[in-house]
Amino acid sequence: MAEPDLLSDPLRFERRVPPCAVVIFGANGDLTKRKLLPALYRLAYERRLPPAFAMLGNSRTNMDDDQFRAKMRESVQEFLENSPFDEDLWTSFAQKLFYVAGDINDPAMYKAVSDRLAEIEVSQKTEGNVLFYLSTQPSFYAGVVEGIGQAGLHNGAGWRRVVIEKPFGHDLTSSRELDRRIHAVLPENDVYRIDHYLGKETVQNILAFRFGNGIFEPLWNRRYINNVQITAAESIGVEGRGAYYQEAGALRDMIQNHLSQVMATIAMEPPAFFEPNAVRDERAKLLRSIRILKPSEVGQNAVAGQYGPARIGGAEVPGFREEPGVAPDARTDTYAAMTFHIDNWRWAGVPFYIRSGKRMPKRVTDIAIRFNAAPLSLFPGGGADPAVAPNLLIVRIQPEEGISLRFLSKHPGSGMKLRPVSMDFNYGSSFGSRTPTAYETLLVDAMSGDATLYTRQDMVEASWKAVQPVLDDWGERKFNFPNYDAGTWGPKESDEMLGRNGHTWRVP
Amino acid sequence: MPVAIRPERILHDLEELWLSMAQPDQGVATASGVLRACSMTLIVAARDVRDAEAIGETVGQLMHEHPSRAIVLKPAGAGEQLSSRVYAQCWMPFGSRQQICCEQIEITTPAGQLEEVARVILGLLAPDLPSVLWARGPKWFERAGFEQIYPLIDKIVLDSCEFDDSGAELTTMRRLRERTRPTVADLAWARLTMWREMIANTLEVVAPGPARASIGEIEVGYYGAAPSTSCYYMAAWLARALPHAMVGFRRVPGEEGRIAAVSLRGDDFQLAFERVEGDTVRISGARDSVVVLPHASDYRSMREELTVTAGDPVFDAVWAKAEQLRAAPGE
């Protein structure tokens, strides 16, 4: 038997995070305030940050360190989720926060960051390790990375990594161009493309569920699975993000990145090892197996929608075109649904339906795996047709994280009346403890050099390739928007898309 | 007239309890109801009547991360007969609107009736989930019938620090470990985790990889008359991690049972960890700093043990070496 790793003891020790500084560009922005700072604070609360740690913020706003700390304190107090705020902890944590004001287009700013990092490296003993986090508008990503390169910040005594948020380009061409400019400064291994869906506990649990258990994998293929439906619905509208969303739309904002990654996690082959590149290779392979639609196939396999006004629960809800910051003739898809076909031996012939929309009846993200009906119906008068009430495995990502299995059961009493019942696993009832937010998980991973839950450029390109024919088609087409009412499950064309295959959308 | 307790009766009482809690006016239910949570059976054999009362708080804390059906075995006081009662431990997670509740069963256990109680426990185990026995105090291992519980459980946790007779704990553990089931854990080992992690992290920085081969001497400082099992564990862990080093022990005046210091020496290398007060440790030599470790309470150590549900290969390796060192401390 191999000697256990005595000095790591992964069963009991927290994963070691090396000394480092995190530089956040766009530190006065929403993402920093709502997600990044609360996540870093919570990591400090859990003692998961290294003792030698610092965070250096940058934005255009003129502030000194103390003013920045006061601002960040407000953010943490406001946006910390499911955690108390500890005054003493904040006092010591705040001493590790620093700030440099300056414009990201100004080379002098990078020089100032460089000088400040040199001070921090000595005072906080961060050993020259730096994680650059680009919390800026996506259009600045390439420029910031080039600024880092021109100032020589990409080289130092320790490692240098850069984290960027989606979107990674707005189509295949721009994604490749972004990649080219980033790679001129940093190698792929040092580029961490964050997809916060992959950091969610329940998405990670898909890997545990599939590859930690013996009973599901034999069923996980075209012989037993009829179709897979992935739904990411929001009950809210664009909530002040009208201007951004108008340019993005549901296909770009959700399906090209988050949901295609979720699909890859559900459908990928088992990796040989649980190591970053082994897992990412399998995800990438799956994404490359998606059939690229011909222009003539787009109409049958993709549906765009945009919500119109409605009255819900006694209140008037505006349509998308009436939202602030949105043009009255906006052609944006606030709803998108696609049928993906995965051309490999495991999934040939199994449609993967993915939909995402705003102003749906409720907020829910889940994956429904519908199994084939029993080969012979023994209970024709049973009251529940297995074809209508098929076995369903539901992986709930939010809000009620868990897994449930629907199957038919005999109704108590005389005769063989069947009815569908559900067997539930609920995260809350099995693990009472708080689960870390996606950003806590992903920040620790990036600081530790673990890219398992980050997307790689080949994955990004593969998912752009899969949606590019649809984007091209929609860019040319005139839609009769709005085509669904706020508070409904989307346009009727979406139901028709599944209907052509004899399927219906499950109501989450 | 002997008193009998039956698993069905206890399970029925639990059902009644849950039904009553689901009534908003009578129980703890809120508009969102309560969530019944269970991921294991945790059997806690309390030291005595007072301990059974005191341990309730720790068990309640443990449930937050390890929701369980807790069965507390309370040694019967004078005049007490075999009896049981059920109650719920509930809490509202921070930021949540739904209470999570776990069930607890207390069985008052007169001496001599342990065998019968083991049969009751068999009917009370939460099916298909792991079961863990936390044996508080060495006396349980002397009681006839206690071993009847072993086949029912997956893991037994004891605390070698509670054994008076130096060496008795290792004998007890050896006897337990000779069985294929349950696996055996020692809270004294879990209490070392923060020390071990601190040492491992420091070594990673000051003596990464091959540089460790130059460490030729390990010295564990102990309080009291002789090294405790904890000291042997620490020495054994370091000896396995640094196989070229010789192990020695050094007596330090102070509170018995705890580790006082750890020194690692080699050619041109010196690294010392010294407990200066309570849980504060001064690091000197290749690195200088002061670290305040979280207090290794029973709750904290048990919480850690419950996360290790299967085997613990590091502890297994250390255990064998600790036995060797105990037999020949100068090795």
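Throughout, a chain's letter reflects where its sequence line sits, starting with A, and its residues are numbered from 1.
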> Counting only heavy atoms closer than 4.5 Å, note whether B/Ala317 contacts chain A via side chain, backbone, both or neither.
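Looking at B/Ala317, just its side chain touches chain A.
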
> Sort A/Pro19 into side chain, backbone, both or neither according to what part of it lies under 4.5 angstrom from a heavy atom of chain B.
neither

> Is the number of heavy atoms from other residues, nucleotides or ligands within 6.0 Å of CZ (A/Arg15) greater than 12?
yes

> Who passes salt bridge (charged side-chain N to carboxylate O under 4.0 Å, His left out) against A/Arg34, sequence neighbours left out?
A/Asp30

> Can you tell me which portion of A/Arg12 sits under 4.5 Å from chain B's heavy atoms? Options are side chain, backbone, both or neither.
both

> How many angstroms lie between atom CG of A/Leu6 and atom CG of B/Leu238, to the nearest 0.5 angstrom?
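Between atom CG of A/Leu6 and atom CG of B/Leu238 there are 9.5 Å.
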
> Which one, B/Val314, B/Asp316, B/Ile199, leads in non-hydrogen pairs under 4.5 Å with chain A?
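Heavy-atom pairs under 4.5 Å are most numerous for B/Val314.
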
> Does anything in residues 291-300 of chain B reach chain A? List residues with heavy atoms under 4.5 Å apart, or say none.
B/Val292, B/Pro294

> About how many Å separate CG of A/Leu7 and CD of B/Glu197, when rounded to the nearest 0.5 Å?
11.5 Å

> Which atom names give the shortest non-hydrogen contact between B/Trp189 and A/Asp9, and what distance separates them?
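Heavy-atom minimum between the residues: CZ2-OD2, 4.4 Å.
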
> Do other residues, nucleotides or ligands put more than 12 heavy atoms under 6.0 Å from the CZ atom of B/Arg282?
no

> Listed by chain and number, what are the salt bridge (charged side-chain N to carboxylate O under 4.0 Å, His left out) partners of A/Glu119, not counting sequence neighbours?
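Partners of A/Glu119 under the salt bridge (charged side-chain N to carboxylate O under 4.0 Å, His left out) test: A/Arg116.
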
> Tell me, for B/Arg196 versus chain A, whether the close heavy atoms (under 4.5 Å) come from the side chain, the backbone, both or neither.
both

> At what distance, to the nearest 0.5 angstrom, does CG of A/Leu11 lie from CZ of B/Phe315?
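Here the rounded value is 13.0 Å.
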
> At a 4.5 Å cut-off on heavy atoms, which part of A/Glu14 comes close to chain B: side chain, backbone, both, or neither?
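For A/Glu14, heavy atoms of backbone and side chain both lie under 4.5 Å from chain B.
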
> Under the salt bridge (charged side-chain N to carboxylate O under 4.0 Å, His left out) rule, collect the residues that match up with A/Glu74, sequence neighbours excluded.
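For A/Glu74 there are no salt bridge (charged side-chain N to carboxylate O under 4.0 Å, His left out) partners, ignoring immediate neighbours.
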
> Within a radius of less than 6.0 Å around CD of B/Glu57, do more than 12 heavy atoms belonging to other residues, nucleotides or ligands occur?
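Atom CD in B/Glu57 is not crowded, with 12 or fewer foreign heavy atoms closer than 6.0 Å.
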
